[in-house]
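Notes for the one structure printed next.
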Amino acid sequence: MSTPHYSNGRAHAVQSIASITPPPPCAAAPANVQCYGEDVFDAAAMREYLPKATCKELLATIERGEPLNTEIAGDVAHAMKEWAIARGATSYTHWFQPLTGSTAEKHDSFLEPDGCRAILAFSGKSLIKGEPDASSFPSGGLRSTFEARGYTAWDPTSPAFIKRHGNGATLCIPTAFCSYTGEALDKKTPLLRSVQALTESTRRLMKCFGLPGDEKVSVTLGAEQEYFLIDKQFYVLRPDIQQTGRTLFGTAPAKHQQLEDHYFGAIRQRVINFMSEVEQNLWKLGIPAKTRHNEVAPAQFELAPVFEDVNLACDHNMLIMEVLRQTAERHGFVCLLHEKPFSGVNGSGKHNNWSVNYGKRNLLNPGSNPQDNAIFLAVLCAIIEAVDRHADLLRSSVTGAGNDHRLGANEAPPAVMSMYLGDQLAAVIDHLETGADSQGSTARSMEIGVDTLPPLPKDATDRNRTSPFAFTGNKFEFRAPGSSHSCSGPNIVLNVIVAEAFDRMAAVLENTPAAEFNTVLQAHLRRIIKDHKRVIFNGDGYTREWLEEAERRGLPHARSTMDSLHCLVTPENVALFERYHVFSARELDSRYDVFMEDYHRKVRIEGEVSLEMAENMILPVVCTDYKSMLSALTAAKSSGIAAGTAALQAKVEQLGSLLDALHARCAELRAALQGKHEDILAAMTALRAAVDAVEPQVDNSKWPLPKYREMLFLY
């Protein structure tokens with residue numbers, strides 16, 4: 001393939017990438033499943049390195065949720081150290097998740113000087129608690145900058161693991177992170193609290209149905225991770241992607257995703273090489289990466305793991321994002337996790353597949369007998385109530401500057417929180433509310449505890465890609481979270497609002513005589529459906545008609561981060577989180593401040609980068625091209641040439657008008673940067689329109705930025 005001539009850095013990138021020849025596939029390289037979990041201090045490693053009694057106590061905490069006996073910490077620390085050293089580790093770190101949206105780690109060596117010698121040591125005290133600097137992490141006013149002390153606390157339910165680097169390895173210990181005064185400064189602590197809240201509420205509700213009240217409650221999560229890959233040589237030429245994660249300028253090429261030929265298509269060799277290494281690295285960390293495929297947009301892909309306990313799944317997703325970025329670099333790519341890196345084509349989400357189990361029973365599985373189906377319908381109706389009552393909190397859990405560009409576009413659900421149940425379950429719900437037979441054959445009422453549901457297949461619904469919260473067989477898929485988000489936020493909210501709905505139902509059913517139980521339950525479910533069915537919508541959520549209908553139904557529609565965050569500090573929501581001991585009022589207030597400040601900072605950074613690129617990279621090229629064309633026109637006219645000068649003059653005038661508009665938009669953005677975020681966003685949009693209009697008019701060989709057609713297709 002011939003490559004056009006360019007005179008800038010973009011030329012070198014295009015020519016270099018076009019000449020890349022990926023190595024041929026190796027048919028003799030089977031998947032190395034034997035490596036699975038080899039870098040995880042899992043149950044097998046515990047049994048090998050720990051005394052039997054200590055191992056039994058630790059596994060009781062991990063598997064059955066029994067309180068941790070801190071007296072075993074010394075044995076566990078010694079075993080972890082020996083296991084880690086055997087795998088090349090020389091240091092350890094308390095690995096935690098501050099409110100930056102990323103992970104954090106401070107490494108300490110196992111080295112302990114002993115006179116003229118040195119030993120390798122790791123104590124139980126060091127395992128249980130660490131002391132990182134808390135002053136430089138976001139706290140929303142919980143900590144003053146001069147109050148540096150923070151604490152990490154070992155989370156034994158998420159196993160320690162090894163992170164490898166070129167010259168060794170580090171033992172990583174998943175931990176919570178809190179302030180000196182005890183407030184949570186991280187995303188793990190409230191998640192663990194929310195799981196405990198849902199555990200207690202689930203046990204309370206299940207006792208009403210005559211089940212044992214001490215079964216293990218497990219909240220499970222499967223997080224589908226979408227991402228883009230671009231060649232690193234393009235990345236270094238795009239200051240906007242480097243500093244903001246997305247393109248602030250650029251026009252979509254004539255062909256991008258309209259033909260839908262990329263989705264599930266054959267994966268290119270260079271990309272499959274990258275994916276294979278990602279999987280191997282994840283398997284070593286005990287992360288069950290299961291699915292990989294091309295997504296809808298060119299250069300967009302998806303990775304999905306098997307379902308896991310929600311706390312472990314959230315930890316693993318943070319590691320997945322890190323492994324994607326690091327592995328991409330080794331293959332000459334850059335992995336983009338921004339929700340909308342390319343305007344005009346699909347953005348990236350993180351579909352949050354959530355379910356709750358009681359013992360071995362998935363509470364979102366329709367059963368095969370009347371009692372099981374009564375439990376299923378009760379849980380389903382409780383979730384309907386929870387989503388309708390707390391749509392504002394669900395929306396706030398997926399907010400952010402990046403996701404504002406994605407929600408409501410043609411690849412993501414709208415910012416209106418609604419539920420999709422599918423035709424079969426919608427008919428069952430209608431039947432339950434009205435008493436009309438779901439098949440329309442009789443007027444017989446559906447009786448809880450007597451009737452069985454119509455036979456439902458394992459996947460009881462079709463998938464609705466336009467719904468924010470869709471029932472998909474035995475789980476709910478929350479499609480609104482953004483690709484760069486931590487899974488913790490959405491799942492904290494889900495756990496709490498469902499815990500409240502379970503408690504509401506249990507309060508009605510408790511102490512009800514057995515002979516009246518089904519009658520009381522049926523009446524309560526009917527009330528829930530009548531009061532909250534407005535949130536159920538099985539149609540196309542992308543249409544303007546649905547937004548109008550949602551407004552008529554009274555469903556909240558927070559279009560932006562600024563609209564959605566205020567609900568975190570309303571009295572009723574503060575009372576909810578305090579009642580379930582997930583957030584204190586101070587912790588909620590701090591998160592509101594942190595998220596607001598993060599949003600404002602990102603908008604301002606994007607505005608400043610836009611202005612800098614327009615003035616320092618775009619305008620000089622446009623001015624040069626304009627002067628060159630004007631000189632050519634002047635020379636032609638002075639030489640008495642008539643043919644072609646009309647077209648040349650029209651071109652000069654068009655480019656001149658675009659240049660004037662570009663200057664004006666730069667001035668508007670410069671002024672807006674001194675004002676509010678709304679003004680900055682509006683000025684950025686206007687500047688982008690001006691730049692994108694001039695891009696196709698400037699000599700292609702002189703345009704300084706890699707274009708969409710290159711970044712999306714040359715990999």
Side-chain angles (χ1 to χ4, degrees), residues 1 17-18 20-26 31 222-232 234-235 241 245-247 250 252-283 287-306 317 320-321 323-325 327-353 406 409-413 463 465-466 472 477 479 481-484 706-715:
M1 180 182 72
I17 296 163
I20 291 176
T21 303
C26 180
E224 304 169 29
Q225 180 69 56
E226 294 177 339
Y227 60 94
F228 279 83
L229 291 176
I230 65 169
D231 194 278
K232 189 174 181 178
F234 289 143
Y235 173 79
I241 302 180
R246 72 182 183 103
T247 55
K255 175 188 179 295
H256 44 91
Q257 65 185 50
Q258 313 97 311
L259 300 181
E260 299 171 334
D261 53 341
H262 190 257
Y263 190 54
F264 279 24
I267 304 172
R268 293 191 184 184
Q269 188 61 47
R270 187 180 173 197
V271 176
I272 200 70
N273 291 347
F274 154 79
M275 288 179 167
S276 297
E277 185 178 340
V278 166
E279 285 183 356
Q280 290 294 306
N281 292 334
L282 294 178
W283 288 357
I287 300 174
K290 179 74 172 177
T291 302
R292 64 192 184 200
H293 62 81
N294 289 356
E295 255 299 336
V296 174
Q300 186 186 32
F301 309 93
E302 181 178 294
L303 180 153
V306 177
N317 184 256
I320 285 171
M321 291 191 288
V323 169
L324 284 171
R325 288 190 293 262
T327 309
E329 189 169 353
R330 288 196 292 274
H331 287 256
F333 289 123
V334 171
C335 176
L336 303 181
L337 294 170
H338 192 283
E339 285 72 27
K340 196 74 170 178
F342 297 98
S343 178
V345 299
N346 276 16
S348 297
K350 182 177 295 180
H351 304 156
N352 191 98
N353 294 279
R406 168 180 168 264
N410 285 338
E411 79 289 346
R463 293 186 67 191
R465 297 177 59 86
T466 73
T472 54
E477 182 182 25
R479 295 179 61 85
S483 54
S484 68
K707 296 188 175 183
Y708 274 27
R709 69 168 185 259
E710 295 154 353
M711 292 185 288
L712 290 174
F713 290 98
L714 291 183
Y715 60 89

So, [X] side chain and [Y] main chain: donor-acceptor pair closer than 3.5 Å or not?
X: Ser483; Y: Leu337; value: yes
X: Glu477; Y: Thr472; value: no
X: His338; Y: Ser484; value: no

Salt bridge (charged side-chain N to carboxylate O under 4.0 Å, His left out) against Glu279, all qualifying residues, sequence neighbours excluded: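 For Glu279, the residues satisfying salt bridge (charged side-chain N to carboxylate O under 4.0 Å, His left out) (neighbours in sequence not counted) are Arg292.
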Residues that Lys232 engages under salt bridge (charged side-chain N to carboxylate O under 4.0 Å, His left out), provided they are two or more places apart: Glu329
Sequence neighbours excluded, which residues qualify as side-chain hydrogen bond (donor to acceptor under 3.5 Å, both in side chains) partners of [X]?
X: Thr466; value: Asn464
X: Glu226; value: none
X: Arg268; value: none
X: Tyr708; value: Thr247, Arg688

Quick check for you: to the nearest 0.5 Å, what is the distance between [X] atom [atom1] and [Y] atom [atom2]?
X: Phe264; Y: Asn294; atom1: CZ; atom2: CG; answer: 9.5 Å
X: Ile17; Y: Asp231; atom1: CD1; atom2: CG; answer: 3.5 Å
X: Phe342; Y: Ser348; atom1: CZ; atom2: OG; answer: 9.5 Å
X: Gln257; Y: Leu712; atom1: CD; atom2: CG; answer: 9.5 Å
X: Leu303; Y: Thr291; atom1: CG; atom2: OG1; answer: 8.0 Å
X: Ile241; Y: Arg246; atom1: CD1; atom2: CZ; answer: 11.0 Å

Residue list, side chain to side chain contact (heavy atoms under 4.5 Å, CB included) with His331, at least two apart or on another chain: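 Residues passing side chain to side chain contact (heavy atoms under 4.5 Å, CB included) with His331: Asn273, Phe274, Glu277, Thr327, Phe333.
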Residues forming a side chain to side chain contact (heavy atoms under 4.5 Å, CB included) with Lys290, sequence neighbours excluded: Val306
Qualifying salt bridge (charged side-chain N to carboxylate O under 4.0 Å, His left out) pairs with a residue from residues 256-265, counting only residues at least two apart or across chains: Lys255-Asp261
From Glu302, Glu224, Met321, residue fulfilling side chain to side chain contact (heavy atoms under 4.5 Å, CB included) relative to Lys350: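 The option that passes is Met321.
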Any residue meeting ring-ring contact (aromatic ring centres under 6.0 Å, His included) with Phe713, in chain and number order, not counting sequence neighbours: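 Not a single residue meets the ring-ring contact (aromatic ring centres under 6.0 Å, His included) criterion with Phe713.
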Test ring-ring contact (aromatic ring centres under 6.0 Å, His included) applied to His256 - qualifying residues, sequence neighbours left out: none
Test side-chain contact (heavy atoms from CB on, under 4.5 Å) applied to Gln300 and Tyr263, step by step: CA-CA 9 Å; Gln300 186 186 32; Tyr263 190 54; over 6 Å; no
Heavy-atom check, side chain of Leu324 versus side chain of Tyr227, under 4.5 Å: yes
